[in-house]
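Model, not experiment: these values are computed from the prediction.
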Amino acid sequence: MIRFFRTIRQGLLAQGRIARYLTYAVGEIILVVIGIFLALQLNNWNNDRKRTEQELGLLVEMRQNLVNDLEDCRDNIASQERWGRAQVAVLEQLEQRMPFHDSLRFHYANLVGATTLTMNTSAYDNLKSIGFDLIRNDSLRGAITGLYSERYRFVAMTESQFDVHLQMVDLAPQVYNKLVVDTVWKSATPLDLDALMNDDGFKGVLRMNRFTKGFMAQIYWNIEVQIQELIALIDKELEARR
């Protein structure tokens with residue numbers, strides 16, 4: 001097409017028809033500009049399509065990560081509640097000076113225990129490397145960064161600096177010195193029940209651990225809600241973009 005215009009332009013120039021020559025010359029320039037514009041638009045469209053595919057693929061991956069996190073979170077809640085019931089049962093027996101019976105073996109064996117939320121962050125790590133602006137929906141982007149960079153970090157810090165510290169530093173040494181653990185989390189008995197009933201330090205640590213187990217369960221309940229909310233936002237975004 002450009003060669004065609006050039007042939008016409010050269011013919012007009014040879015004939016001395018300058019005005020028409022200029023018209024065709026301008027037309028040729030406009031045609032080139034339009035071609036460049038269309039090429040740029042096509043390139044932008046291709047790039048936008050690729051980013052959309054990348055965004056939606058990452059959201060699908062993140063959703064699966066969150067489903068796995070949710071399952072682990074619920075397991076942690078069940079464990080924390082089990083250990084919390086153990087503190088209550090053993091404290092009740094010691095404070096009321098009740099005789100030992102076999103049903104307490106399970107509770108004595110569950111006085112020590114801590115959980116760690118296994119956070120599946122592969123999709124979030126990919127998003128960080130690509131850039132958070134990949135997520136077009138502002139509300140969704142804010143919910144993602146809020147969960148991963150704030151709430152997950154808080155959970156990990158609380159687990160290590162509060163729960164695990166109490167279990168390993170304050171409680172475990174006393175438990176393993178004053179109990180016979182037949183099977184971890186299955187069966188344990190006091191070495192000296194009368195001494196344990198009079199041991200205010202041991203009972204004090206159990207009271208603190210009773211609070212800790214309830215506190216940790218509450219944290220996991222809260223994070224469970226946030227995970228569910230983020231999954232719902234991702235589902236809504238994926239549905240809207242189909």
After noting the C-alpha distance and the side-chain angles of Asp69 and Asn120, does the key distance pass the side-chain hydrogen bond (donor to acceptor under 3.5 Å, both in side chains) rule? CA-CA 6 Å; Asp69 291 352; Asn120 297 274; 2.6 Å; yes

Verify side chain to side chain contact (heavy atoms under 4.5 Å, CB included) between Leu127 and Ile135, making sure each step is shown before the conclusion. CA-CA 9 Å; Leu127 179 59; Ile135 306 300; 3.9 Å; yes

Tell me, with the steps shown, if Tyr124 and Ser149 meet side chain to side chain contact (heavy atoms under 4.5 Å, CB included). CA-CA 10 Å; Tyr124 181 71; Ser149 66; 3.6 Å; yes

Where do Glu61 and Asn126 land on the side chain to side chain contact (heavy atoms under 4.5 Å, CB included) test, with the steps shown first? CA-CA 10 Å; Glu61 180 187 357; Asn126 287 338; 3.7 Å; yes

Pair Ile223-Leu147, side chain to side chain contact (heavy atoms under 4.5 Å, CB included): steps then yes or no: CA-CA 8 Å; Ile223 207 75; Leu147 178 66; 3.8 Å; yes

Go through it in stages, so that I can follow the logic: the residues are Ser122 and Asn65, the test is side-chain hydrogen bond (donor to acceptor under 3.5 Å, both in side chains), and I'd like the CA-CA distance, side-chain angles, deciding distance and then a yes or no. CA-CA 8 Å; Ser122 60; Asn65 287 171; 3.1 Å; yes

List the steps and the verdict of side-chain hydrogen bond (donor to acceptor under 3.5 Å, both in side chains) for Tyr220 and Glu159. CA-CA 11 Å; Tyr220 290 128; Glu159 288 170 340; 2.5 Å; yes

Walk me through it: do Asn222 and Gln218 pass the test side-chain hydrogen bond (donor to acceptor under 3.5 Å, both in side chains)? CA-CA 6 Å; Asn222 292 340; Gln218 185 63 57; 3.1 Å; yes

Derivation and outcome, salt bridge (charged side-chain N to carboxylate O under 4.0 Å, His left out), residues Glu53 and Arg49: CA-CA 6 Å; Glu53 291 175 355; Arg49 178 179 57 80; 3.3 Å; yes

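Judged purely by atom type and a 3.5 angstrom limit, Glu224 has no side-chain atom pairing as donor or acceptor with the backbone of Leu70. Judged purely by atom type and a 3.5 angstrom limit, Thr158 uses its side chain to pair as donor or acceptor with the backbone of Phe154. Between the side chain of Asp72 and the main chain of Thr118, a donor-acceptor pair closer than 3.5 Å is present. A donor-acceptor pair under 3.5 Å is formed between the side chain of Asn177 and the backbone N or O of Pro173. A donor-acceptor contact shorter than 3.5 Å links the side chain of Trp185 to the backbone of Val112.
For the atom pair Ile219 CD1 and Gln80 CD, the distance stands at 9.0 Å (nearest 0.5 Å). Expressed to the nearest 0.5 Å, how far CD of Gln96 lies from CD of Glu92 amounts to 4.5 Å. In this structure, Leu59 CG and Leu140 CG are separated by 5.5 Å, a value rounded to the nearest 0.5 Å. Taking OG1 of Thr116 as the start and CG of Asn76 as the end, the distance is 7.5 Å to the nearest 0.5 Å. In this structure, the separation between OG on Ser79 and CZ on Arg74 is 14.5 Å, given to the nearest 0.5 Å.
When each of Asn110, Asp182, Asp102 is checked for a side-chain hydrogen bond (donor to acceptor under 3.5 Å, both in side chains) with Ser187, only Asp182 meets the rule.
Side-chain contact between Leu206 and Leu171: present, with at least one pair of heavy atoms (C-beta onward) separated by less than 4.5 Å. In this structure, the side chains of Phe202 and Leu111 come closer than 4.5 Å at one or more pairs of heavy atoms. Side chains of Ile130 and Leu58 form a contact here, defined as non-hydrogen atoms less than 4.5 Å apart.
Between Lys203 and Glu95, none of the side-chain N atoms (NZ, or NE/NH1/NH2) sits under 4.0 Å from a carboxylate O, so this pair counts as no salt bridge. The pair Arg97-Asp194 does not meet the salt-bridge criterion, since no charged nitrogen lies less than 4.0 angstrom from a carboxylate oxygen. A salt bridge is defined here as a Lys NZ or Arg NE, NH1 or NH2 lying under 4.0 Å from an Asp or Glu carboxylate O, and Asp192 with Lys178 fails to meet this definition. Salt bridge present: Asp163 and Lys213 bring a charged side-chain N and a carboxylate O closer than 4.0 Å.
In this structure, Leu233 is a member of the same hydrophobic cluster as Tyr152, with clusters built from ILVMFWY side-chain heavy atoms closer than 4.5 Å. Val67 and Ile77 fall within the same hydrophobic cluster, where Ile, Leu, Val, Met, Phe, Trp and Tyr residues are linked whenever their side-chain heavy atoms come under 4.5 Å apart, directly or through other members. Taking hydrophobic clusters as Ile, Leu, Val, Met, Phe, Trp and Tyr residues chained together by side-chain heavy-atom distances below 4.5 Å, Trp83 does not share a cluster with Met208. With hydrophobic clusters built from ILVMFWY side chains whose heavy atoms lie under 4.5 angstrom apart, Leu94 does not share a cluster with Phe106. Put simply, Val90 and Val88 are part of two different groups of oily side chains (I, L, V, M, F, W, Y) that touch within less than 4.5 Å, one to the next.
The 12-atom threshold is exceeded at CD of Gln228, counting heavy atoms of other residues, nucleotides or ligands nearer than 6.0 Å. No more than 12 heavy atoms of other residues, nucleotides or ligands lie within 6.0 Å of CZ in Arg153, so this atom counts as exposed by the packing criterion.
The salt bridge (charged side-chain N to carboxylate O under 4.0 Å, His left out) pairs that include a residue from residues 225-238 are Arg63-Asp235, Glu237-Arg241, where partners are two or more places apart or lie in different chains.
With no hydrogens or angles considered, a side-chain donor-acceptor pair links Gln64 and Asn68 at under 3.5 Å. A donor-acceptor pair shorter than 3.5 Å can be found between the side chains of Tyr108 and Gln93.
Here the closest heavy-atom approach between residue Ala143 and residue Leu230 is recorded as CB-CD1, 3.9 Å. What you find for Val205 and Gln174 is that their closest heavy atoms are CG2-NE2, 3.5 Å. Scanning both residues, Phe100 and Ala188, for their nearest heavy atoms gives CZ-O, 4.1 Å. Considering all non-hydrogen atoms of both residues, Tyr148 and Met62 come closest at OH-CG, 3.6 Å.
Classified by interplanar angle (parallel below 30°, tilted 30° to 60°, perpendicular above 60°), the ring pair Phe211/Phe162 is perpendicular.
Under the rule for a side chain to side chain donor-acceptor pair (under 3.5 Å), the partners of Asn209 that lie at least two apart in sequence or sit in another chain are Gln87, Gln167.
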